[in-house]
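Here is the structure we will look at.
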Amino acid sequence: MKKPIVAGNWKMYKTPSEGHDFVQKILNLVLEIEKTHVIFCPPFPALFNMVESMPSSFSVGAQNCHWEKEGAYTGEVSTAMLSDCGVEYVIVGHSERRHVFGEPDEWINRKVLAVKEARLIPILCVGETLEEREDGLTKDVLIRQLTNGLKGVDSLSGLVLAYEPVWAIGTGKTATPEQAVEAHQMVRKYLMELYPHQEAEAVSVLYGGSVKPANAAELINSEGVDGFLIGGASLNVESFTSIIKQVEQES
Ligand code: PEP
């Protein structure tokens with residue numbers, strides 16, 4: 001059985017010291033969990049110290065990276081730098097990177113390949129905008145983002161996917177369990193067609209988009225949802241802890 005994942009994407013919130021205090025509070029409340037894998041994804045400056053003080057059963061992830069090993073790329077961070085910090089996961093293709101910073105599928109694919117090559121685990125995000133959903137294009141968008149994002153990826157092992165409908169991120173609007181199940185089925189079916197069944201079944205597909213304590217239990221019990229990528233609710237001790245505990249209890 002897959003261990004459910006609860007990953008907190010802090011975006012550009014919390015200084016390193018605020019992040020340290022925050023994580024200590026969470027750990028005190030959830031240290032005994034066994035069936036859930038918790039990943040903290042703070043901004044870059046907090047990564048090194050956070051890994052140092054993180055118990056081994058919890059993980060730290062970065063929110064982005066560059067695909068080149070090194071070079072004149074002002075403001076960018078390589079996978080080797082992240083790896084040296086002890087980071088294990090890297091979020092790639094988050095909707096804010098795609099839509100706010102204009103990252104095309106081709107860059108996202110290069111990042112996925114670079115993260116895998118560095119033996120880190122990409123959390124590849126895919127998801128449609130509201131307009132695309134209303135135009136009946138959800139499946140087309142997911143398939144396009146998966147096809148382009150996974151180009152050259154021979155094996156799904158060491159990879160996590162996240163279905164994050166853009167219209168649900170940071171908006172308070174959550175996909176209904178039915179919408180989440182339907183999209184997760186599209187993703188899984190596509191993977192089954194491209195990769196060996198065992199691999200396609202084993203890959204974790206997270207749901208992200210306004211997950212909160214009030215909807216966590218229902219969503220985690222939705223078929224095909226293997227965990228969550230959480231933005232807003234991961235910034236608050238009570239809400240993040242409550243979600244982790246609910247996932248643990250439902251697993
Ligand atoms: C996210 O940032 O990946 C996310 C899902 O944000 P939120 O939970 O705030 O919608």
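Counting starts at 1 for both ligands and their atoms, following the listed order.
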Which of the ligand 1 atoms, numbered from 1, are nearer than 4.0 Å to a heavy atom of [X]:
X    : result
K11  : 1 (C), 2 (O), 6 (O)
A168 : 10 (O)
G170 : 7 (P), 9 (O), 10 (O)
S210 : 7 (P), 8 (O), 10 (O)
N9   : 1 (C), 2 (O), 3 (O)
G209 : 5 (C), 10 (O)

Does [X] come within less than 4.0 Å of [Y], counting only side-chain N to carboxylate O?
X    : Y    : result
R97  : E103 : yes
K151 : D105 : no
D21  : K14  : no
E117 : K69  : yes

Task: Gap separating the OG1 atom of T174 from the CD atom of Q179, nearest 0.5 angstrom - done: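 Rounded to the nearest 0.5 Å, the OG1-CD separation comes to 9.5 Å.
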key: Passing candidate, side chain to side chain contact (heavy atoms under 4.5 Å, CB included) with Q145, options L124, I108, V126   =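 Among the candidates, only V126 passes.
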Practice item. Check the angle between the aromatic planes of W107 and W67 and answer parallel, tilted or perpendicular using the 30° and 60° thresholds. Key: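 Tilted.
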Practice prompt. Distance to 0.1 Å, residue and atom name: give those for the protein heavy atom nearest to atom 5 (C) of ligand 1.
Written response: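 Scanning the protein heavy atoms, the shortest distance from atom 5 (C) of ligand 1 goes to E164 OE2, 3.1 Å.
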What residue and atom, counting heavy atoms only, is the protein's closest point to atom 1 (C) of ligand 1, and at what distance?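 In this structure, atom 1 (C) of ligand 1 has H94 NE2, 3.2 Å as its nearest protein heavy atom.
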Could you check which of S239, G231, G127, C125 puts a non-hydrogen atom nearest to atom 8 (O) of ligand 1?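 Comparing heavy atoms across S239, G231, G127, C125, the nearest one to atom 8 (O) of ligand 1 lies in G231.
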#### Entry: Pair S251-E248, side chain to side chain donor-acceptor pair (under 3.5 Å): steps then yes or no
CA-CA 5 Å; S251 308; E248 178 80 359; 5.5 Å; no
Polar proximity ligand 1 side, E96 side, N/O cut 3.5 Å exclusive: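 No.
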Quick check: G232 and ligand 1, any N/O pair under 3.5 Å apart?
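G232 vs ligand 1: N/O contact under 3.5 Å present.
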